[in-house]
**Student:** 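I'd like to ask you about the structure that follows.
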Protein chains: 2
Amino acid sequence: MKTQSAVIERLLKYRDVMQKMKGLGFVRVFSDNLADAVGVSPSLVRKDFSIFGLTGNKRGGYQMEELIAKLNIILGKDRKQKIIIIGCGKMGRALINYNGFPRVGIRVAAGFDSDPAVLDEAAPIPILHISKIKDFITEKGIQVAVLTVPEPSAQSIIDSLKKTCIKGVINFAPVSLRSSENFIIQNINVEQEIENIFYQIHFADGAASSGEESK
Amino acid sequence: MKTQSAVIERLLKYRDVMQKMKGLGFVRVFSDNLADAVGVSPSLVRKDFSIFGLTGNKRGGYQMEELIAKLNIILGKDRKQKIIIIGCGKMGRALINYNGFPRVGIRVAAGFDSDPAVLDEAAPIPILHISKIKDFITEKGIQVAVLTVPEPSAQSIIDSLKKTCIKGVINFAPVSLRSSENFIIQNINVEQEIENIFYQIHFADGAASSGEESK
DNA sequence: CCTTTTTTGTTATTAAAATAACATATTTTT
DNA sequence: AAAAATATGTTATTTTAATAACAAAAAAGG
Ligand SMILES: NC(=O)c1ccc[n+]([C@@H]2O[C@H](COP(=O)([O-])OP(=O)(O)OC[C@H]3O[C@@H](n4cnc5c(N)ncnc54)[C@H](O)[C@@H]3O)[C@@H](O)[C@H]2O)c1
Ligand SMILES: NC(=O)c1ccc[n+]([C@@H]2O[C@H](COP(=O)([O-])OP(=O)(O)OC[C@H]3O[C@@H](n4cnc5c(N)ncnc54)[C@H](O)[C@@H]3O)[C@@H](O)[C@H]2O)c1
């Protein structure tokens with residue numbers, strides 16, 4: 001059975017919203033609140049919770065403290081989530097120095113690059129030569145990598161990662177790499193997102209396909 | 001009528017694949033080829049094309065040259081797509097200097113920041129003070145912005161952009177901003193994607209919700 | 001020139017996801 | 001303490017998306 005990632009995406013959003021509400025002093029939350037915040041129906045919120053056995057009070061909603069704790073366990077946030085960054089150019093370095101990761105329990109263990117000029121083995125988050133990646137992954141038990149190398153290198157790196165204990169990759173190269181049975185790839189394609197927005201805008205202006213009636 | 005962005009996402013992928021095939025010397029393509037490359041069924045490929053009146057030959061598939069040209073018009077790639085980057089920190093600068101944009105006809109017109117230390121009005125892609133943004137947008141007719149400011153500033157910037165001719169935004173701040181009727185927001189939440197992958201991996205290892213039977 | 005093969009374009013079917021509905025439990029009010 | 005109000009948890013319904021099926025057109029083969 002496969003739990004589809006749209007549900008998890010929403011769980012992550014519910015948790016985020018609750019964390020913020022908690023910061024404002026709230027203690028309880030209702031499915032209507034979360035629905036409004038995330039942009040779905042209240043019944044979907046309750047159904048999502050129901051799937052994971054998360055329950056509230058028939059009146060009085062959900063205790064956030066408790067719910068957040070349970071969500072964190074479901075989402076694996078009770079352990080440190082170590083990642084590595086492959087390709088330490090402009091994008092890779094932005095990610096290595098990103099201060100949003102520690103806040104959510106994600107830890108960048110190291111960066112890797114093939115260019116000797118960018119290596120820095122002594123830094124708090126070291127940038128190591130790509131030749132050392134296999135040993136590092138094995139030794140530290142890394143399971144997730146972020147790929148920020150030029151597009152032509154992306155697929156071959158994926159192929160070699162498949163021979164390690166890496167099980168999931170975020171790919172920033174503008175090519176849609178495909179997940180396989182036990183190797184998950186999540187593509188983040190910035191130019192595609194921008195192109196998509198331009199289409200939506202253009203379309204909204206009334207330029208539909210040739211013979212399309214508006215409704 | 002709203003054309004859902006999943007279809008557009010696929011059109012963009014079909015086009016990418018065809019561009020690559022063309023580079024390899026191919027002239028024609030079949031729905032089966034595109035289906036394999038993108039990971040959908042051949043009938044979906046044909047249906048997607050059909051929505052936009054893109055036709056092929058009952059035998060012999062589609063002429064790529066012609067199809068790519070038509071797709072480009074549908075996707076608005078016949079005009080330059082100008083964007084601005086708001087927030088020129090680590091992520092914003094990576095985007096400003098990203099060499100993948102020109103290749104697909106996206107042009108970064110300028111960056112904007114509130115910190116005087118990062119401004120650079122003379123650069124090829126100038127980094128201007130945020131106070132100049134409204135005039136710039138109006139003058140250059142910018143419709144799309146990329147938001148790379150810290151999370152607490154994101155919503156207020158969106159609110160002020162809504163008073164300009166900006167119609168769409170890519171938001172990198174880790175908060176789910178919501179689209180409205182004629183203002184599209186596409187969130188790219190890197191930490192969320194990583195957390196999602198960690199969940200999938202963890203789940204694949206057999207840690208389902210309490211009482212789940214496998215199938 | 002007729003038959004066979006192939007691949008489109010479209011319709012029918014299936015599958016999946018989201019919403020709506022409602023009975024049930026719990027609190028509040030009178 | 002009974003009645004009213006409220007919000008959950010689950011089932012039913014609707015909506016949306018994807019696949020499968022197939023008739024018709026075009027090319028290829030004999
Ligand atoms: N810069 C951006 O804002 C941006 C935005 C979206 C997507 N991307 C994508 O991210 C990737 C990186 O972009 P960038 O702008 O940082 O490029 P970049 O050229 O600045 O950095 C690429 C880095 O990868 C390293 N590299 C190349 N081949 C390698 C290999 N086989 N093993 C290890 N390291 C290798 C290079 O030495 C370089 O340091 C590209 O695929 C790009 O399309 C970048
Ligand atoms: N660095 C990354 O790799 C990364 C990854 C994912 C998401 N993000 C997100 O992108 C955003 C930027 O991240 P960063 O790492 O580049 O941060 P950063 O601190 O390096 O850069 C933020 C920039 O925004 C500017 N700024 C702040 N308020 C502003 C305002 N009101 N108007 C104009 N400019 C303003 C600051 O002066 C600074 O230059 C954050 O929301 C972050 O969560 C960053």
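Sequence lines set the chain letters: A, B, ... in the order given, protein chains first and strands last, and positions in each chain run from 1.
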**Student:** I'd like to know if R15(B) and E195(A) make a salt bridge, using a cut-off of under 4.0 Å between side-chain N and carboxylate O.
**Tutor:** yes
**Student:** Checking side chain to side chain contact (heavy atoms under 4.5 Å, CB included) between I130(B) and each of V149(B), I86(B), D113(B), which is the one that passes?
**Tutor:**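 Considering V149(B), I86(B), D113(B), a side chain to side chain contact (heavy atoms under 4.5 Å, CB included) with I130(B) is found only for I86(B).
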**Student:** What is the distance from CZ of F30(A) to P of dA5(D), rounded to the nearest Å?
**Tutor:**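 Rounding to the nearest Å, CZ of F30(A) and P of dA5(D) are 17 Å apart.
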**Student:** dA18(D), OP1 or OP2 - any side-chain N/O from S41(B) closer than 4.0 Å?
**Tutor:** no
**Student:** Between the base of dT19(D) and the side chain of K47(B), is one N or O donor paired with an acceptor at under 3.5 angstrom?
**Tutor:** yes
**Student:** For a quick check of understanding: with a heavy-atom distance under 4.0 Å over all strands, which category does F49(B) fall into, base, sugar-phosphate or nothing?
**Tutor:** nothing
**Student:** Dump the intermediate steps for side chain to side chain donor-acceptor pair (under 3.5 Å) on Q155(A) and D159(A), then the final yes or no.
**Tutor:** CA-CA 6 Å; Q155(A) 184 60 60; D159(A) 292 342; 3.0 Å; yes
**Student:** Take the protein atom CG of L44(B) and the nucleotide atom C1' of dA21(D), then report the distance between them rounded to whole Å.
**Tutor:** 15 Å
**Student:** Could you tell me which non-hydrogen atom of Q200(B) sits nearest to which non-hydrogen atom of I184(A), and how far apart they are?
**Tutor:**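 Between these two residues, the closest heavy atoms are CB-CD1, 3.2 Å.
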**Student:** Taking NZ, NE, NH1 and NH2 as the nitrogens, is one of them in R103(B) or E151(A) under 4.0 Å from a carboxylate oxygen of the other?
**Tutor:**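 Between E151(A) and R103(B) there is no salt bridge, as every charged N stays at least 4.0 Å from the carboxylate O atoms.
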**Student:** What one-letter contact string describes nucleotides 25-30 of chain C from 5' to 3', where B marks a base within less than 4.0 Å of any protein heavy atom, S marks contact via sugar-phosphate atoms alone, and - marks no contact?
**Tutor:** BBB---
**Student:** What do the steps show when you test D48(B) against Y14(B) for side chain to side chain donor-acceptor pair (under 3.5 Å), and what is the final call?
**Tutor:** CA-CA 10 Å; D48(B) 285 341; Y14(B) 301 147; 2.7 Å; yes
**Student:** Remember a base hit wins even if backbone is also touched, and classify R28(B) as base, sugar-phosphate or nothing at under 4.0 Å, heavy atoms.
**Tutor:** nothing
**Student:** Whether R46(A) contacts dT19(C) is assessed here as follows: a side-chain N or O lying under 4.0 Å from the phosphate OP1 or OP2. Is that the case?
**Tutor:**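 No, R46(A) has no side-chain N/O under 4.0 Å of OP1/OP2 on dT19(C).
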**Student:** Tell me whether the side-chain N or O atoms of S43(B) pair up with the base of dA20(D) as donor and acceptor below 3.5 Å, since no angle test is needed here.
**Tutor:** yes
**Student:** Phosphate oxygens OP1/OP2 of dT10(D): is one of them under 4.0 Å from a side-chain N or O of S50(A)?
**Tutor:** yes
